[in-house]
Participant: 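Got a structure here, written out as structure tokens. Questions coming.
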Number of protein chains: 2
Amino acid sequence: MKELLDYITTIHDISVESKIALEEICSHESIKKNTDLQPIGHTCKTIYFVVKGGLRIYYYKAGIDITEIFEFENSIVARVESLFSGRPSRKAIQGIEDTELIAINANRLFELYDTSPELERLFRKIFEDAYVKTVNRIESLQFHTAEQRYHQLIKDHPEVLKRVPLKHIASYLGITQVSLSRIRARR
Amino acid sequence: MKELLDYITTIHDISVESKIALEEICSHESIKKNTDLQPIGHTCKTIYFVVKGGLRIYYYKAGIDITEIFEFENSIVARVESLFSGRPSRKAIQGIEDTELIAINANRLFELYDTSPELERLFRKIFEDAYVKTVNRIESLQFHTAEQRYHQLIKDHPEVLKRVPLKHIASYLGITQVSLSRIRARR
DNA sequence: AGCATCCTTTTACATTTGTTAAATAATCAC
DNA sequence: GTGATTATTTAACAAATGTAAAAGGATGCT
């Protein structure tokens, strides 16, 4: 829990009371590498915080496994398109490695917003930051070549290359594994 | 102002007091077709609501004009990557047609959050919805072909085809105008 | 109406990416 | 460690997209 509270402090500091209230709706979980946290088709009601290890959100498009995003230590992970719409998610969350995480009960969190505006503000800021990242990702997908996107990724997040199989990196970049192999061979 | 208040009601109803407070930080603006609202390089401190007409957010990549998004009547438009980060935006907002809009002073809005949690909640929800749209857009860009993206667009938003030049639609889809022309010729 | 400008399509060719299959390398389970 | 499985690379060919240039269309201005 300490890791989550430290992370929170960097975003928006909250009172001891709110920290206690938050702690009450959190639980520790751990999953093995390549194991799903929640199945595809269920409505997302959990916000995860990665304590150790890494997660990826993925889905199937025409039978092919596509990685939407990966996150490692000290990151928030949620299937927001389900969490904020209340609709079932076509996506699943999976451990990239053996992973320890904190699960925040989203429904109870949203209830807490009524009594603790500072908690509402904290998570508003967390998701605003995530929103900004997503907008920047659009820019990258929209008009950079696959090769540019690959080099940008290893520049911004060199650790990804060591921790994530290339097939997942390929689908994250929006290309096939073969295409990524070719890009890597050029140089 | 009525249009904005009607729109708000569909998202999260607020008290008369909050409506009055909101109205005080709003101003009416209108711009001509193909005119910029704010220049590239300025930090975004305004949230716009389209009353009549349409807007697009665009930027230049290697000298080429790229449309990130377009919105029409009863929509919120903001350069969130600047608004939520406080950094200068590389993007500009432009009128697609002669457009009437309401400009919300974002700094004053954020101050109002302290005295009116329901306003904070309202805009939290507005941007959560926008975030969900953005995540779905990633999915579209990440693993649909340009042809699939084009047909999805005209299925979801047929009016776009009548109101937006094809060159902007092309860059929105992440392809060249020539490529879009070819796609349109297939059938 | 006439001219200029901008938008859209078409053509030809280069480049990139996808697809399928096979070969090689790395990892996992027993 | 050995064999099986999975991941990655390579090859050959097909399909899609980019680039540059030209030709039509549409639109707007005077």
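These figures come from a predicted structure and were not determined experimentally.
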Participant: For A/E118 and A/S18, does a side-chain donor sit closer than 3.5 Å to a side-chain acceptor?
Facilitator: yes
Participant: For B/Y60, what are the other residues in its hydrophobic cluster, where any two members join if their side-chain heavy atoms are less than 4.5 angstrom apart?
Facilitator: B/I40, B/Y58
Participant: Just by protein heavy atoms under 4.0 Å, how would nucleotides 13-30 of chain C read 5' to 3' in B, S and -?
Facilitator: ----BBBB-------S--
Participant: On the 0 to 90° scale, with breaks at 30° and 60°, tag the B/Y113-B/F123 ring pair as parallel, tilted or perpendicular.
Facilitator: tilted
Participant: Share the residues that join B/V178 in a hydrophobic cluster, the rule being Ile, Leu, Val, Met, Phe, Trp or Tyr side chains under 4.5 Å apart at the heavy-atom level.
Facilitator: none
Participant: Could you go through A/Y131 and B/V132, starting from their C-alpha distance and side-chain angles, then the distance that decides it, and tell me whether this counts as side chain to side chain contact (heavy atoms under 4.5 Å, CB included)?
Facilitator: CA-CA 9 Å; A/Y131 184 11; B/V132 169; over 6 Å; no
Participant: Quick one: do the A/S82 and A/T43 side chains pair a donor with an acceptor below 3.5 Å?
Facilitator: no
Participant: Measure across B/E147 and B/I183 and return the closest heavy-atom pair with its distance rounded to 0.1 Å.
Facilitator: N-CD1, 3.8 Å
Participant: Going 5' to 3' on DNA chain D, which nucleotide is the first and which the last to come under 4.0 Å of a heavy atom in chain A?
Facilitator: D/dA7 to D/dA12
Participant: One pair to check against salt bridge (charged side-chain N to carboxylate O under 4.0 Å, His left out): A/R87 and A/E81. What are the steps and the verdict?
Facilitator: CA-CA 8 Å; A/R87 291 196 213 135; A/E81 97 289 350; over 6 Å; no
Participant: When the ring planes of A/F127 and A/F84 are compared, do they come out parallel, tilted or perpendicular, using 30° and 60° as the limits?
Facilitator: perpendicular
Participant: Test question: given the 4.5 Å side-chain rule for I, L, V, M, F, W and Y, name all other residues clustered with A/L141, or answer none.
Facilitator: A/I138, B/I138, B/L141
Participant: Angle between the two end axes of the helix from C/dA1-D/dT30 to C/dC30-D/dG1, five base pairs per end, rounded to 10 degrees?
Facilitator: 60°
